**Student:** 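Before we start, here is the structure in question, set down as structure tokens.
Values below: all heavy atoms of this structure, side chains included; hydrogens, waters and symmetry mates excluded. Note that this is a predicted model, so its numbers are computed, not measured.
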Protein chains: 2
Amino acid sequence: MATAARALAPSPPAVHERLYRALRTRIMLGELPPGRALTLRGIAAEERVSMTPAREAVRRLVAEGALTLSASGRVSTPALSVERIEELAALRALIEPELASRALPRAHFALIDRLAAINTAIGEAAQNHDAVGYIRTNLEFHRTLYLRAQAPAMLAMLETIWLQLGPTMRAVYQRMRRNEAPRHHRMILAALRAGDEPALRLAVRTDVTQGLRHLLPAPADAGR
Amino acid sequence: MATAARALAPSPPAVHERLYRALRTRIMLGELPPGRALTLRGIAAEERVSMTPAREAVRRLVAEGALTLSASGRVSTPALSVERIEELAALRALIEPELASRALPRAHFALIDRLAAINTAIGEAAQNHDAVGYIRTNLEFHRTLYLRAQAPAMLAMLETIWLQLGPTMRAVYQRMRRNEAPRHHRMILAALRAGDEPALRLAVRTDVTQGLRHLLPAPADAGR
DNA sequence: GCGGCCCTGATGTGATCACAAGGCGGGCAT
DNA sequence: ATGCCCGCCTTGTGATCACATCAGGGCCGC
């Protein structure tokens, strides 16, 4: 695709692609608060281009659920309802253990070492109270593992879920004043080293549901 | 959203929305073969509009994986690799039992009766060798059940998976000369009537994997 | 003081144009 | 006859414009 083409020849990527990447990153990392309004002309002016590519980038992000359109077509980051957050968390809890399980047979030492290093970076971001850094390294931890699953369609679907949760994530990690990396990450690493598939599934699933539990009101059946 | 607005006032929906719906339906029902090339000007001319709304509709469908862009930006329906089909089938097998399970507590008699009626229609389409009709009624069966789960985000994600499988589905149902509705649908109905949640999950999961097994080469570990 | 109404400016939508890239076919050389 | 090359013409991209819609603020009347 476009990425590969750019890797071969340094031809500038299409403008709408660049806008898309930029917005997508900002949204996924939680740099935009939920409910933040955006305008096509504003996005376009920011990069000194016309509205056309801005429209295309926004349309694409809306299709992925990263942005929402009001009835009159105004664009904003989504302000998720509790029910929707619960659904998205449940989807993560379904897909991520599956990806981890598929990655397990291919997880050699070098990968586990890299995951451990990323986990250290997560801890540093947590100590610095760097919310964006925390989200970015946390996602990098998961993505690095799941890339080994060799399941691009699943990973793509999962990333759109992360994307939808992006603006909300920021609120989560600001609320919980965390000082260290998620404790379940160590369990994930241990299960990977041991080649223990059930333990890995459980650790991943718990990591996901723990991370989002803070957003759900009643801790009643959050783990159903 | 736009649908609700249209329901209140019969104002015509936005052109790009209309194009999107039309294309989406044709793709999901398998009316377009895999690898079919489309052009923005062609889509636009078909409905006597300019390229702009056609571009938006296509961009949206590309974001959902319903269409693919070649390196030079040409648009076509995706020709899925076997690996990708397996991934999408696995995603269906993860998400659909969950949706069925969530729908179970809300599944009253009227719903089960309606599902049985739809199932009859599936059988009729099968006997008439009506591939598009078969796919449409089959999806309607599943969607009708899952709508009761009150999980719009999950259902939306699932529909994008169906969408990606659309062009390929056509090939499946032409290959297997089926004469009746999927046999697991009866098991789904029975589990719903009995309120048996594990049986329902199993029946749904089996229905999904059986339906797509014909596309996978070696029947070795398709059900892993 | 306050609530409702109207107007204006901002915003999204669709059409049209200019341009660059590339696919495909015809034509030429061997 | 066949293979290659070149040029045309289709195709996607970005810019610009006209227009309908609507949100928000100011103004008037109570």
**Student:** Hey, does the side-chain of B/R74 have a donor or acceptor N/O within less than 3.5 Å of a partner on the base of C/dG22?
**Tutor:** no
**Student:** Examine the side chains of A/H108 and A/R148 and answer whether a donor and an acceptor come within less than 3.5 Å of each other.
**Tutor:** yes
**Student:** To check you understand the geometry: which heavy-atom pair defines the closest contact between B/L115 and B/L145, and what is its length?
**Tutor:** CD2-N, 4.0 Å
**Student:** As a test of reading the structure: which of C/dG14, D/dT13, C/dG12 is closest to the side chain of B/V15, going by heavy atoms?
**Tutor:** C/dG14
**Student:** What integer distance in Å separates B/R41:CZ from C/dC17:P?
**Tutor:**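 From B/R41 CZ to C/dC17 P: 12 Å.
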**Student:** Give one of base, sugar-phosphate or nothing for B/L19, where a contact means two heavy atoms less than 4.0 Å apart.
**Tutor:** nothing
**Student:** Of A/A14 and A/S72, whose nearest nucleotide on DNA chain D comes first from the 5' end?
**Tutor:** A/A14
**Student:** Measure from CG on A/L40 to P on D/dT21 and round the result to the nearest Å.
**Tutor:** 18 Å
**Student:** A/L69 CG to D/dA23 P: how many Å, rounded?
**Tutor:**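 Whole-Å distance recorded here is 13 Å.
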**Student:** Which heavy atom of B/A153 sits nearest to which heavy atom of A/E87, and what is that distance?
**Tutor:**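 Heavy atoms only, the tightest pair is N-OE1, 2.8 Å.
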**Student:** Check B/A90 against A/M154 and note the closest heavy-atom contact, atom names and distance.
**Tutor:** CB-CE, 3.4 Å
**Student:** Could you tell me the separation between the CG atom of A/L38 and the P atom of C/dA10, rounded to a whole number of Å?
**Tutor:**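 It is 18 Å, rounded to the nearest whole Å.
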**Student:** Report the distance from atom CD of B/E17 to atom P of C/dG12, rounded to the nearest whole Å.
**Tutor:** 16 Å
**Student:** Among residues 44-56 of chain B, which ones have heavy-atom contacts with DNA chain D below 4.0 Å?
**Tutor:**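 When residues 44-56 of chain B is checked for heavy atoms under 4.0 Å from DNA chain D, the hits, listed by number, are B/M51, B/R55.
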**Student:** Just by distance, with hydrogens left out, do B/Y20 and B/E64 show a side-chain donor and acceptor under 3.5 Å apart?
**Tutor:**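 On atom types as modelled, these side chains qualify, holding a pair under 3.5 Å.
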**Student:** Could you check how far CG of A/L67 sits from C1' of C/dG12, rounded to whole Å?
**Tutor:** 15 Å
**Student:** Please verify the inter-ring angle class for B/H142 with B/W162; under 30° counts as parallel, over 60° as perpendicular, anything in between as tilted.
**Tutor:**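 Aromatic pair B/H142/B/W162 classed perpendicular.
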**Student:** By the 4.0 Å heavy-atom rule, please label B/I43 as base, sugar-phosphate, or nothing.
**Tutor:** nothing
**Student:** Specify the closest pair of heavy atoms between B/P78 and B/T68, including all atoms of both residues, with the distance to one decimal.
**Tutor:** CB-CG2, 3.5 Å
